[in-house]
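Given the structure is predicted, the values throughout are model-derived calculations rather than measurements. Sequence positions, counted from 1, serve as the residue numbers for this chain.
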Amino acid sequence: MIPEKDRSWSEINLDHFEYNLEQLKSLLNNSENFMQIVKADAYGHGAFEIAESALRNGAVMLGVANCDEGMLLRYQQVNCPILILSPSFSDEISKIVNNNLTPSISNLDFAINLNNYCVSLNKEIMVHINLDTGMGRSGIEAEFAMDLIRSVINLSNLKIEGIFSHFAASESDLLFTQKQTNRFKRILDSLNFKPCYIHISNSSGVVTAENDFCNLVRFGILSFGIYTSKTIREKVDIKPVMSFKSRLSQIKTAKVGESIGYNQTFVTNRPLRYAIIPVGYADGYDFMLSNLSQVLLRDELCPVIGRISMDMIAVDISGVPEAQVDDIVTLLGDHPDEITAENLATLYNGSSYELISQIGRRAKRYFLKDDKIKTSEPILRRDFVSSDFPDTKLNLVIESAITQRLQSREVANLVYDEILRKLFADKDKDISYRKDFKHEIVFTESTEFPEYYRTTTTLQFNKKITHDYFYVVCANSSSELARYFLRNDVEYRWLLDENVLLSEKMFTITDARINGIPLDYNIKVNNSCLEIFFTSEKIKDLIGQEVNFSISTETFYPRKNHQLTVYISELTKGVHISFKHVKNAENIEIIQIFSGQKKFPEIISENNILLIKTSSNEWIFPNSGVVFAY
Ligand SMILES: *Cc1c(COP(=O)(O)O)cnc(C)c1O
């Protein structure tokens with residue numbers, strides 16, 4: 001079934017997971033929804049796949065331990081509400097807000113910091129108040145709960161979407177569970193509002209506790225098919241989701257009296273055939289299982305003998321004479337009972353939660369659906385987050401990824417050097433682009449300068465602004481103008497004829513706006529360039545946002561030139577360039593020099609107007625343009 005030869009791997013049976021969800025859902029009443037807990041990579045089952053499957057099966061929310069886990073899901077395009085169950089640090093606030101995560105609130109200081117940040121962004125955020133009703137871990141103590149809730153209500157940009165608490169022993173201590181429930185209810189009763197979500201039950205609580213006054217429950221361990229107590233076993237039917245498997249890597253024999261493994265904790269009392277499996281406690285197969293557990297080989301249970309090493313274990317295979325190197329062994333699985341997580345954990349008085357969240361952590365993970373492999377996850381599971389890496393490492397990662405795809409180091413180097421390094425390695429360079437670029441140029445006869453056409457231009461485009469100012473530059477020589485090509489604060493350049501006196505009269509700004517806000521400007525001659533500086537107090541607040549630029553000028557263009565060039569100097573999406581001459585457009589030739597998705601955008605000619613345009617989602621690369629020859 002597993003296509004590649006892995007040293008060890010986990011199999012995540014999504015059919016079992018969905019079966020478990022169905023069983024647990026059948027215990028809910030009509031007004032109860034469920035949140036799927038996917039913290040700690042869904043208890044070692046793979047947060048993304050588990051989240052997807054749960055959402056498809058009715059989960060209204062996901063629960064994670066911290067904002068990092070929430071961010072990873074956001075990177076993978078999981079867009080549903082995500083609740084952070086543990087208390088967050090104040091320095092995580094920007095990540096929480098900007099990734100649209102829902103924090104839980106256990107203290108006022110954090111709430112105030114969160115509110116301040118949200119006020120600064122003019123943004124509202126949902127929060128869940130976490131009450132400690134007896135767990136004695138996170139959450140506000142019951143006696144201070146009302147004070148905290150009242151204070152949070154008064155914080156303008158926080159909205160209390162939920163109030164929750166957490167059981168300490170819902171699988172085994174029903175009396176204490178009831179006590180916690182009563183405390184929780186008492187607080188809820190004294191509220192004068194009803195939050196959207198009230199929740200207290202973890203998965204065991206769903207089976208054992210009273211939930212009628214809640215409308216949300218949190219599915220964890222039972223959804224992964226692991227029983228938490230005998231009571232639970234009697235009341236619900238679930239199937240283990242995770243199996244962990246490996247292969248026999250060596251088969252040996254030992255004579256009587258030989259020891260196997262570190263510290264000679266196992267000494268043979270009979271001749272023994274045994275096998276080495278390349279899995280140890282570093283794979284999450286707990287050291288405490290030494291000399292205690294069994295593995296399944298060809299439907300027979302084989303005892304682990306000697307100590308679990310970091311990377312290996314030995315198993316007694318005397319019961320399986322036909323065993324061979326390469327045979328698959330199951331170390332954790334759905335049957336028989338001896339190798340389920342709860343029974344393995346019981347062997348050493350350990351925790352099944354710990355066992356499943358650790359086991360297979362350096363193995364590949366395969367997701368099974370309808371008895372087929374749906375997908376797999378690599379050994380190092382942390383999904384690729386580029387900000388995790390320093391630049392040098394990131395460059396290596398990108399380069400090696402391209403090399404692998406193209407199967408040629410030479411071509412890969414070229415692609416990388418020419419494209420990516422230019423775009424990304426040069427950190428000072430902003431990768432910005434213009435959208436809906438519209439440039440209209442109109443020639444009319446000029447009476448005061450008969451040698452020239454009076455030229456009005458209107459430039460409009462959308463772009464993210466990074467400064468609260470920009471420049472428009474005009475020069476007599478192209479070499480002068482070239483100095484401004486690479487500057488990202490220059491939005492428009494005009495080449496004036498060399499015979500024209502460089503002055504405000506010959507190049508006038510008739511209108512300049514950002515998002516319709518008129519801009520202040522002043523003009524300065526710098527060497528032989530006219531620099532026009534634009535700014536406005538009112539655009540400061542727009543920094544970082546996409547805005548609409550609109551710049552109109554009036555100037556003069558020599559009649560003798562017979563050609564006019566419009567350059568596109570930046571990455572641009574969607575172009576619309578029009579040129580209105582005094583002559584009929586039929587006499588004008590168009591030379592297009594576009595690079596991008598299309599080499600030859602559409603040309604529309606009507607009377608004396610020529611229009612060149614692309615659809616608004618078409619990309620044009622820098623150094624494109626068009627020459628009008630007349
Ligand atoms: C982990 C966790 C759960 C899930 O608990 P299970 O016992 O695995 O069902 C629910 N709520 C909170 C707050 C948790 O931290």
Side-chain angles (χ1 to χ4, degrees), residues 434-462 472-476 478 481 491-513 530 532 548-570 572-618 620 623-630:
R434 294 173 168 192
K435 252 159 88 176
D436 297 321
F437 178 86
K438 196 167 174 187
H439 198 179
E440 291 174 336
I441 298 169
V442 178
F443 277 4
T444 46
E445 301 288 359
S446 158
T447 44
E448 66 252 74
F449 305 107
E451 312 273 281
Y452 293 86
Y453 290 119
R454 175 183 298 280
T455 308
T456 58
T457 73
T458 304
L459 179 71
Q460 280 182 331
F461 54 87
N462 295 333
V472 166
V473 176
C474 170
N476 284 107
S478 49
L481 208 56
E491 296 295 350
Y492 190 52
R493 303 160 194 92
W494 185 265
L495 182 62
L496 211 59
D497 183 48
E498 57 201 15
N499 298 317
V500 173
L501 185 70
L502 196 73
S503 82
E504 295 171 37
K505 273 211 182 95
M506 301 305 284
F507 185 83
T508 335
I509 301 294
T510 50
D511 194 54
R513 293 166 192 268
L530 209 57
I532 302 137
N548 177 261
F549 283 77
S550 162
I551 304 162
S552 304
T553 70
E554 193 172 283
T555 181
F556 294 90
Y557 202 80
R559 298 181 80 102
K560 64 167 200 307
N561 263 17
H562 301 300
Q563 66 178 43
L564 175 96
T565 307
V566 176
Y567 271 118
I568 293 179
S569 54
E570 280 181 51
T572 302
K573 196 178 181 189
V575 169
H576 177 121
I577 299 169
S578 75
F579 178 47
K580 184 175 177 188
H581 200 280
V582 292
K583 287 183 186 165
N584 198 305
E586 278 167 25
N587 302 318
I588 302 173
E589 201 186 332
I590 294 182
I591 301 132
Q592 304 192 41
I593 31 170
F594 285 101
S595 61
Q597 283 162 310
K598 271 195 196 150
K599 278 211 164 83
F600 302 104
E602 187 189 2
I603 300 175
I604 301 166
S605 140
E606 205 187 293
N607 301 325
N608 53 348
I609 302 178
L610 278 165
L611 169 65
I612 295 175
K613 66 172 205 179
T614 70
S615 73
S616 63
N617 53 20
E618 224 165 275
I620 305 290
N623 297 328
S624 294
V626 55
V627 181
F628 297 100
Y630 45 89

Carefully, step by step, assess Leu502 and Leu496 under the rule side chain to side chain contact (heavy atoms under 4.5 Å, CB included).
-> CA-CA 8 Å; Leu502 196 73; Leu496 211 59; 3.9 Å; yes
Side-chain contact, heavy-atom cut-off 4.5 Å: Asn499 with Tyr452?
-> yes
Is it true that atom OH of Tyr567 has more than 12 heavy atoms of other residues, nucleotides or ligands lying nearer than 6.0 Å?
-> no
Any salt bridge (charged side-chain N to carboxylate O under 4.0 Å, His left out) pairs touching residues 557-568, not counting sequence neighbours?
-> Glu445-Arg559, Asp497-Lys560
Are side-chain heavy atoms of Ile591 and Val626 found at a separation under 4.5 Å?
-> no
Going by heavy atoms in the side chains, are Ile604 and Lys613 under 4.5 Å from each other?
-> yes
Determine whether Ile577 and Phe628 make a side-chain contact, defined as any pair of heavy atoms from C-beta on separated by less than 4.5 Å.
-> yes
Nearest heavy-atom neighbours spanning Ser624 and Ser595 = OG-N, 3.0 Å
Without placing hydrogens or testing angles, list every side-chain donor-acceptor pair under 3.5 Å for residues 578-589, not counting sequence neighbours.
residue, atom, partner, partner atom, Å
His581, ND1, Lys583, N, 2.8
Asn584, OD1, Glu586, N, 3.2

Any ion pair linking Asp511 and Arg513 (charged N to carboxylate O, less than 4.0 Å)?
-> yes
Under 3.5 Å: donor-acceptor pair, side chain of Thr572, backbone of Ile620 | no
Where Leu495 and Ser478 come nearest, the two heavy atoms and their spacing | CD1-N, 3.5 Å
Donor-acceptor pair, side chain of Ser503 and main chain of Lys505, under 3.5 angstrom | yes
Cut-off 3.5 Å, no hydrogens considered: what does the side-chain donor-acceptor table look like for residues 549-558, sequence neighbours left out?
residue, atom, partner, partner atom, Å
Thr553, OG1, Thr457, OG1, 2.5
Glu554, OE2, Arg454, NH1, 2.7
Thr555, OG1, Met506, O, 2.8
Tyr557, OH, Gln563, O, 2.9

Heavy-atom distance under 4.5 Å between the side chains of Lys573 and Asn617, does that happen here?
-> yes
Donor-acceptor contact present, side-chain Asn548 to main-chain Gln460, <3.5 Å = no
Minimum heavy-atom distance Gly574-Thr614, with the two atoms named | CA-OG1, 3.5 Å
Heavy atoms, side chains only, cut-off 4.5 Å: are Leu611 and Ile603 in contact?
-> no
Aromatic ring centroids of Tyr492 and His439 under 6.0 Å?
-> yes
Check whether any side-chain heavy atom of Ile612 sits under 4.5 Å from a side-chain heavy atom of Val575, and report yes or no.
-> no
